There are 2 protein chains.
Amino acid sequence: MLTIGRLASYAGVTIRAVRHYHQIGLLPEPERDASGYRTYDADAVVRLVRIRTLAEAGVPLAWVRELLDADPAAFAAAISEIDRQLRTRIRTLREHRRRIALLGCGDSLAVPAEVVDYLDRLRAIGAPEAVIEAERDAWILVAARWPEAIPAFMADKVAQLADPKVVRLYRLVSRLAENSADDALLRETADAMIDLFEQAAARGELDWQDEAMPDAAFVRLLDSFVDGVHPAVGRLRELIAERGWIGWNRVERRAP
Amino acid sequence: MLTIGRLASYAGVTIRAVRHYHQIGLLPEPERDASGYRTYDADAVVRLVRIRTLAEAGVPLAWVRELLDADPAAFAAAISEIDRQLRTRIRTLREHRRRIALLGCGDSLAVPAEVVDYLDRLRAIGAPEAVIEAERDAWILVAARWPEAIPAFMADKVAQLADPKVVRLYRLVSRLAENSADDALLRETADAMIDLFEQAAARGELDWQDEAMPDAAFVRLLDSFVDGVHPAVGRLRELIAERGWIGWNRVERRAP
DNA sequence: TGCGGGGTTGACGCTGCGTCAAGGTCAAGC
DNA sequence: GCTTGACCTTGACGCAGCGTCAACCCCGCA
């Protein structure tokens with residue numbers, strides 16, 4: 001007759017594991033001796049070893065009991081099902097490895113490569129860091145909702161940067177970032193933006209905005225990044241609104 | 001301003017996950033509105049997306065917080081550590097797959113291949129099923145404690161089966177299994193066993209028993225399988241003991 | 001006013017044990 | 001007979017990352 005400790009050591013498991021198996025009914029509770037100790041016989045060791053054999057092969061304990069006395073067909077079926085699950089988990093972990101290898105750090109975390117490229121171009125034409133961060137955050141949101149649309153969006157945005165008017169606007173914004181009290185500069189910036197808005201309207205580029213961004217609340221959310229860039233943005237928004245334009249990420253002409 | 005549901009849907013996570021991140025301090029608790037609803041801003045979405053990006057790459061949540069504002073060097077170090085852990089887990093699962101593919105079912109569960117072979121030979125010479133089961137269970141215990149010793153043990157046991165005396169003994173045992181009341185048969189079996197014991201003793205085969213099986217309690221445990229085969233085994237043990245021999249798996253000569 | 005679809009906190013469940021906590025038991029040495 | 005140390009007992013929390021009730025509040029709409 002064995003104590004729990006000897007049983008466990010014969011089977012190569014911990015005492016805690018044995019008690020756990022009792023608790024979940026995998027190993028029957030044996031007789032107790034006068035002092036309450038569990039007393040095991042050799043059959044318990046055999047059963048325990050079999051339990052471990054299955055458990056160490058990745059069989060969930062919940063399935064072990066049925067497997068221990070399953071006929072060959074059921075056994076084989078269960079084994080192949082468990083193997084399937086193991087394969088799935090391995091695939092998941094491999095996917096994790098793939099993703100973790102792609103992770104950039106800090107700024108570029110959660111930002112698709114196309115967006116990183118676009119932000120670099122913005123930086124190259126002298127956009128202020130605050131603007132770039134706002135763009136980055138906004139594109140993080142867009143990428144989370146429509147990851148597949150990012151390449152097209154970015155191709156579009158990069159193409160826009162070829163327009164000298166756009167570059168000039170960013171220059172103005174950059175100067176404004178350093179001297180936001182300059183009212184003439186503010187007006188000049190507003191003019192430049194409206195010029196671009198009107199150009200876009202003339203080319204019909206505003207017409208498919210609704211399809212690209214169908215969610216008004218989401219667009220307001222994106223706008224909030226722009227508003228957070230600098231206090232002067234509020235003034236800018238007012239100036240532009242006075243001239244009948246509303247919105248940053250989806251612009252509309254309204255009665256002034 | 002967003003409710004928790006919109007926040008979650010923008011970031012592609014469940015509401016429960018967001019609350020969980022609050023609970024573990026990964027995402028700061030936002031302001032509440034008059035009715036107690038949490039009100040989020042766009043920055044919360046960005047942070048949440050970043051958390052998900054890391055979590056979906058297999059980063060444990062406990063590490064996400066530090067990673068979110070780690071410098072590139074620390075970030076890279078953490079990433080490589082996490083990748084190491086992922087590789088370890090993949091190796092573990094692959095080992096599970098390997099083992100599960102090797103699992104026999106029912107009888108052969110937890111029995112090494114060499115033992116299966118030996119049991120088949122026993123069956124071939126006509127050993128009764130009860131004896132084979134007892135052998136099987138005993139070898140399960142031995143294999144659990146000294147798996148590396150099994151091939152040598154089995155080579156030895158298989159070699160023994162070449163001895164006609166051993167084969168004859170199993171024949172007797174087999175007849176005894178069918179007719180345990182036959183006293184003459186019982187005595188003949190005892191004689192056959194003692195003959196083998198003495199032959200082994202003469203060849204010095206009993207001398208290294210202690211080295212092979214140093215644990216007396218363990219040997220008693222193995223013996224208990226033999227005792228459980230059939231009630232007649234008890235009679236057999238007495239008969240043999242009268243002639244000065246004790247034990248099944250490790251035999252000793254004692255003063256009768 | 002009722003209904004459906006939000007939101008709130010609190011708590012248990014899952015997996016397979018590890019790890020205290022707070023004791024009772026046993027064999028051995030003094 | 002007493003201590004010591006190794007072993008046994010039950011009970012309960014902890015772990016990772018949420019899923020899933022339960023029980024209740026809030027809001028807009030017919």
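Here is how names work: the chains are called A, B, and so on, in the same order as the sequence lines, proteins then strands, and each is numbered from 1. The model shown is predicted, which means the values in this text are computed figures rather than measured ones.
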Taking 4.0 angstrom as the limit, do A/Arg91 and A/Glu95 come out as a salt bridge? no
All heavy atoms of A/Ile24 vs all of A/Arg65, minimum pair found to be O-NH1, 3.1 Å
From NE2 of B/His20 across to C1' of D/dC15 the rounded distance in Å is 11 Å
Separation of C/dT15 atom P from A/Gln23 atom CD, nearest Å, is 14 Å
Here the distance between atom P of C/dT9 and atom CD1 of B/Ile15, to the nearest Å, is 12 Å
Check: At under 4.0 Å, does any side-chain N or O of A/Thr14 touch on OP1 or OP2 of C/dC17?
Finding: no
Taking every heavy atom of B/Leu221 against every heavy atom of B/Ser224, the minimum-distance pair comes out as O-OG, 2.6 Å
From CG of A/Leu61 across to C1' of C/dC14 the rounded distance in Å is 13 Å
Whole-Å distance, B/Trp63 CH2 to D/dA16 C1', equals 14 Å
Look at A/Arg52 and C/dC17 and indicate whether a side-chain polar atom (N or O) is within less than 4.0 Å of OP1 or OP2. yes
By the 4.0 Å heavy-atom rule, please label A/Ile24 as base, sugar-phosphate, or nothing. nothing
Of the listed D/dG17, D/dA12, D/dC8, the closest approach to the A/Arg16 side chain comes from D/dA12
Whole-Å distance, B/His22 NE2 to D/dC18 C1', equals 14 Å
Can you confirm whether B/Glu29 is buried at CD, in the sense that more than 12 heavy atoms of other residues, nucleotides or ligands lie under 6.0 Å from that atom? yes
#### Entry: A/Arg250 atom CZ: more than 12 heavy-atom contacts under 6.0 Å
yes
Separation of D/dC8 atom C1' from A/Met1 atom CE, nearest Å, is 17 Å
| field | Within 6.0 angstrom of A/Arg145 CZ, more than 12 heavy atoms from elsewhere | value | yes
In short, B/His96 meets A/Gly58 closest at the heavy-atom pair ND1-CA, 3.5 Å
Sorted by number, residues from residues 28-41 of chain B placing a heavy atom under 4.0 Å from DNA chain D are B/Ser35, B/Tyr37
Rounded to whole Å, CG of B/Leu2 lies from P of C/dG6 at a distance of 15 Å
Practice item. Examine C/dG6: is either OP1 or OP2 under 4.0 Å from a nitrogen or oxygen in the side chain of B/Thr3? Give yes or no. Key: no
| query | Does A/Arg19 place a side-chain N or O at less than 4.0 Å from the phosphate oxygens OP1/OP2 of D/dG11? | reply | no
What residues 75-95 of chain B contributes to the DNA chain D interface at heavy-atom separation below 4.0 Å is none
Do B/Tyr40 and B/Arg47 have a side chain donor and acceptor closer than 3.5 Å?
-> no
Ring pair (Phe, Tyr, Trp, His ring centres under 6.0 Å) between B/Trp146 and B/Phe153: does it pass, once the steps are laid out?
CA-CA 10 Å; B/Trp146 300 290; B/Phe153 274 133; 7.5 Å; no
